[in-house]
**Student:** 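Provided herewith is a single structure, encoded as structure tokens, for subsequent inquiry.
Whatever order the structure lists ligands and atoms in, that order sets their numbers, starting from 1. Just so we're clear, the structure is a prediction, and the values are computed from it rather than from any experiment.
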Amino acid sequence: MKTPIRVAVTGAAGQIGYALLPRIASGALFGPDQPVILHLIEIPHDKALSALRGVAMELDDCAFPLLSGIVQTSDLDAGFKDVNWALLVGAKPRGPGMERNDLLKDNGAIFVGQGQAIAKNAAADVRVAVVGNPCNTNAWICQQAAKGVPPERFTAMTRLDQNRAQAQLAQKAGVPITDVKGTLIWGNHSATQVPDFFHATIKGKPVTEVVADHDWLKTTFISTVQKRGAAIIEARGVSSAASAANALIDHVRDLHFATPQGEWRSICVTSDGSYGVPAGLISSFPIRSDGKGGWSIVQGLELNDFLKEKIAATVKELEGEREVVKALVS
Ligand code: NAD
Ligand code: LMR
């Protein structure tokens with residue numbers, strides 16, 4: 001029997017938590033022979049803690065063979081004690097008509113205390129994935145607050161956007177989703193993100209050869225992916241949850257396992273200055289994982305003027321968000 005991996009999930013009684021936890025406990029995250037211990041973290045409010053108890057009861061009732069234990073808590077020290085992965089989901093979602101960075105003031109402070117508690121309590125190999133919006137800047141806050149934890153351990157999620165882009169291209173070309181490869185998101189998980197079709201392929205051919213309507217690629221495709229979160233809020237009345245939980249499973253697997261040869265995945269990591277993104281910003285890049293805890297930014301992709309202009313705009317937004325929150329961690 002392998003040693004269990006301890007996974008903390010904040011906001012465990014929320015929508016995403018409800019869709020996420022059974023999948024982690026079932027083995028969909030780390031595989032069918034890897035036990036897990038779940039650390040479920042919620043705010044210290046009766047309603048949230050009661051909902052959390054219900055979620056834990058349901059997990060018990062699934063009788064998952066790989067679920068070796070459940071910690072339920074609103075105490076951050078207990079919640080992050082010895083965890084190998086911290087999945088930071090708990091935060092307020094936006095409502096209709098809001099942009100994700102309208103949440104900065106409400107959500108930013110959460111990630112200071114969580115970063116400090118992770119640094120104090122987590123396992124030496126801890127890795128952190130931030131989902132709570134605006135996730136790039138919240139990941140930056142958490143990273144700054146988590147003194148002593150190596151900066152490369154902090155990531156934020158654009159895998160949902162990558163999956164959305166892949167689905168849009170497959171539908172447009174009328175091909176199975178598996179025929180579309182290399183979809184890529186640059187920048188911020190926001191309406192300025194850059195869904196890149198130039199480096200994607202359909203059945204091994206450049207997307208621009210298969211989809212003749214280049215205007216659609218440059219306009220409708222990009223804006224559909226950029227605004228998909230808002231479209232779901234408009235349709236459902238609440239933000240994406242099943243697809244977000246699914247993308248978080250993908251995101252963590254992308255970092256836990258080695259990336260297949262010749263491929264990349266969209267992950268927000270700390271920039272080293274690649275592709276003109278200022279060092280230190282947490283921005284989405286093409287990433288490869290070595291399956292041993294290390295990752296690297298894929299180098300050498302050519303950026304045309306169209307992409308360069310769009311990446312500059314998303315970088316400007318990230319810099320602006322960092323400016324708004326930097327007092328929280330100074
Ligand atoms: P939700 O309101 O259903 O659940 C959020 C949960 O977090 C609640 O149970 C709440 O009590 C808890 N919470 C709030 N503050 C907390 C804290 N300080 N510590 C622990 N728990 C806390 O929201 P949701 O639909 O699950 O969404 C959660 C977040 O994920 C939102 O910010 C949303 O915008 C974001 N999101 C991001 C992506 C992405 O692609 N990055 C996708 C979907 C949603
Ligand atoms: C999403 O992309 O669905 C989430 O970030 C939720 C949102 O506010 O759009």
Side-chain angles (χ1 to χ4, degrees), residues 8-21 39-55 72-76 78-80 86-118 129-139 141-142 145 155-165 185 187-193 195 224-252 266-268 282 284:
V9 178
T10 66
Q15 288 203 90
I16 295 176
Y18 195 72
L20 176 70
L21 296 169
H39 289 229
L40 311 182
I41 305 175
E42 261 296 342
I43 48 171
H45 291 179
D46 289 348
K47 210 172 151 200
L49 292 176
S50 169
L52 187 63
R53 273 197 302 283
V55 170
Q72 295 176 57
T73 188
S74 57
D75 177 78
L76 293 183
F80 291 117
L87 311 184
L88 306 186
V89 177
K92 197 167 150 184
R94 65 173 164 157
M98 292 171 74
E99 287 301 330
R100 295 182 187 98
N101 64 13
D102 293 336
L103 297 168
L104 258 187
K105 292 240 159 61
D106 284 336
N107 287 344
I110 294 173
F111 295 87
V112 178
Q114 292 184 354
Q116 290 165 344
I118 287 167
V130 179
V131 174
N133 277 320
C135 60
N136 296 57
T137 297
N138 289 337
I141 295 170
C142 189
T155 58
M157 191 172 91
T158 39
R159 183 56 197 263
L160 178 53
D161 310 288
Q162 178 192 305
N163 290 348
R164 289 166 170 167
I185 306 296
N188 200 2
H189 172 64
S190 75
T192 67
Q193 68 178 267
T224 300
V225 177
Q226 288 173 328
K227 295 182 191 154
R228 188 68 162 187
I232 287 165
I233 291 169
E234 194 60 37
R236 260 173 44 89
V238 286
S239 74
S240 64
S243 57
N246 178 65
L248 183 53
I249 296 279
D250 287 344
H251 174 106
V252 174
S266 306
I267 301 180
C268 306
I282 295 192
S284 186

**Student:** Around atom 3 (O) of ligand 1, find the nearest protein heavy atom and jot down its residue, atom name and distance.
**Tutor:**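 For this ligand atom, the closest protein heavy atom is Gln15 N, 2.9 Å.
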**Student:** If you define the side chain from C-beta out and look only at heavy atoms, does anything of Phe111 sit under 4.5 Å from Thr137?
**Tutor:**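 Answer no - side chains too far apart.
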**Student:** Using heavy-atom distances, let me know which of Val9, Val89, Asn138, Val131 sits nearest atom 38 (C) of ligand 1.
**Tutor:**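 Minimum heavy-atom distance to atom 38 (C) of ligand 1 goes to Val131.
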**Student:** With a 4.0 Å cut-off on heavy atoms, is Ala241 in contact with ligand 1?
**Tutor:**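 Contact absent.
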**Student:** Please confirm whether Glu42 comes within less than 3.5 Å of ligand 1 when only nitrogen or oxygen atoms on both sides are compared.
**Tutor:**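 Between Glu42 and ligand 1 (N or O atoms, distance only) the closest approach is under 3.5 Å.
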**Student:** Shortest non-hydrogen contact from Arg94 to Gly229?
**Tutor:**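 The pair with the smallest heavy-atom distance is NH2-C, 3.8 Å.
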**Student:** Within the distance-only criterion (no hydrogens, no angle test), does the side chain of Asn136 pair as donor or acceptor with the backbone N or O of His189 below 3.5 angstrom?
**Tutor:**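 Side chain of Asn136 to backbone of His189: a pair is present.
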**Student:** Heavy-atom contacts under 4.0 Å between Met157 and ligand 1: side chain, backbone, both, or neither?
**Tutor:**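 Both backbone and side chain.
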**Student:** Closest heavy-atom contact between Ala156 and Cys135?
**Tutor:**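 Closest pair (atom of Ala156, atom of Cys135, distance): CB-O, 3.5 Å.
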**Student:** Classify the contact between Ile16 and ligand 1 as side chain, backbone, both or neither, using a heavy-atom distance cut-off of under 4.0 Å.
**Tutor:**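 Answer for Ile16: both.
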**Student:** Within the 4.5 Å heavy-atom criterion, are Asn246 and Asn163 side-chain neighbours or not?
**Tutor:**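 Yes. Closest side-chain heavy atoms under 4.5 Å.
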**Student:** For residues Leu76 and Gln114, determine if any side-chain heavy atom of one lies less than 4.5 Å from a side-chain heavy atom of the other.
**Tutor:**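 In contact.
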**Student:** Applying a 4.0 Å heavy-atom criterion (strictly less than), which segment of Arg228 is in contact with ligand 2: side chain, backbone, both, or neither?
**Tutor:**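 Within the 4.0 Å criterion, Arg228 makes no contact with ligand 2.
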**Student:** Out of Pro93, Gly14, Gly95, Ala8, indicate the one that has the non-hydrogen atom closest to atom 2 (O) of ligand 1.
**Tutor:**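 Minimum heavy-atom distance to atom 2 (O) of ligand 1 goes to Pro93.
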**Student:** Would you call Gln114 a ligand 1 contact, heavy-atom distance under 4.0 Å?
**Tutor:**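 Checking ligand 1 against Gln114, which is what was asked, there is a heavy-atom contact under 4.0 Å.
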**Student:** May I ask you to identify, for Arg236, whether its side chain, its backbone, both or neither come under 4.0 Å of ligand 2 on a heavy-atom basis?
**Tutor:**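 Neither part.
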**Student:** Any idea which part of Asn133 is under 4.0 Å from ligand 1, heavy-atom wise: side chain, backbone, both or neither?
**Tutor:**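 Both of them.
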**Student:** Applying a heavy-atom cut-off of 4.0 Å, say which part of Ala91 lies close to ligand 1: side chain, backbone, both or neither.
**Tutor:**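 Under 4.0 Å from ligand 1, Ala91 contributes backbone and side-chain atoms.
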**Student:** Return yes if some donor-acceptor pair links the side-chain N/O of Asp102 with the main-chain N/O of Glu99 below 3.5 Å, else return no.
**Tutor:**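 The answer is yes, because a donor-acceptor pair under 3.5 Å joins these two groups.
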**Student:** Once you restrict to heavy atoms under 4.0 Å, what part of Ile233 touches ligand 2? Side chain, backbone, both or neither.
**Tutor:**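 Side chain only; the backbone of Ile233 stays clear of ligand 2.
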**Student:** Take atom CZ in Arg100; do more than 12 heavy atoms of anything else shown fall under 6.0 Å from it?
**Tutor:**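 Buried by this count: over 12 neighbours within 6.0 Å.
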**Student:** Could you tell me whether Ser240 and ligand 1 have an N or O pair separated by under 3.5 Å?
**Tutor:**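 No; every N/O pair is 3.5 Å or more apart.
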**Student:** Among Cys268, Gly113, Gly11, which one has a heavy atom closest to atom 20 (C) of ligand 1?
**Tutor:**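 Checking each option, the heavy atom nearest atom 20 (C) of ligand 1 is found in Gly11.
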**Student:** Is there a donor-acceptor pair closer than 3.5 Å between any side-chain N or O of Gln15 and the backbone N or O of Ala241?
**Tutor:**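 Not a single qualifying donor-acceptor pair exists.
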**Student:** Nearest heavy atom to atom 8 (O) of ligand 2 wins, so pick from Glu99, Met98, Arg94.
**Tutor:**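 Residue with the shortest heavy-atom distance to the ligand atom: Arg94.
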**Student:** Give me the nearest non-hydrogen protein atom to atom 5 (O) of ligand 2 as residue plus atom name, then the distance to 0.1 Å.
**Tutor:**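 Residue, atom and distance for the closest contact: His189 NE2, 2.6 Å.
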**Student:** Given that the side chain starts at C-beta and the backbone is N, CA, C, O, which of these parts of Asn133 lies under 4.0 Å from ligand 2, counting heavy atoms, or is it both or neither?
**Tutor:**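 It is the side chain that gets close, since no backbone atom is under 4.0 Å.
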**Student:** Based purely on interatomic distance, does Ser239 place a nitrogen or oxygen under 3.5 Å from a nitrogen or oxygen of ligand 2?
**Tutor:**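 Between Ser239 and ligand 2 (N or O atoms, distance only) the closest approach is not under 3.5 Å.
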**Student:** Would you mind reporting whether Asp161 and Pro195 have side-chain heavy atoms less than 4.5 Å apart?
**Tutor:**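 They are not in side-chain contact.
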**Student:** Flag the pair Val55 / Glu42 as yes when at least one side-chain heavy-atom distance between them is below 4.5 Å, and no otherwise.
**Tutor:**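 Of all side-chain heavy-atom pairs linking Glu42 with Val55, none is under 4.5 Å.
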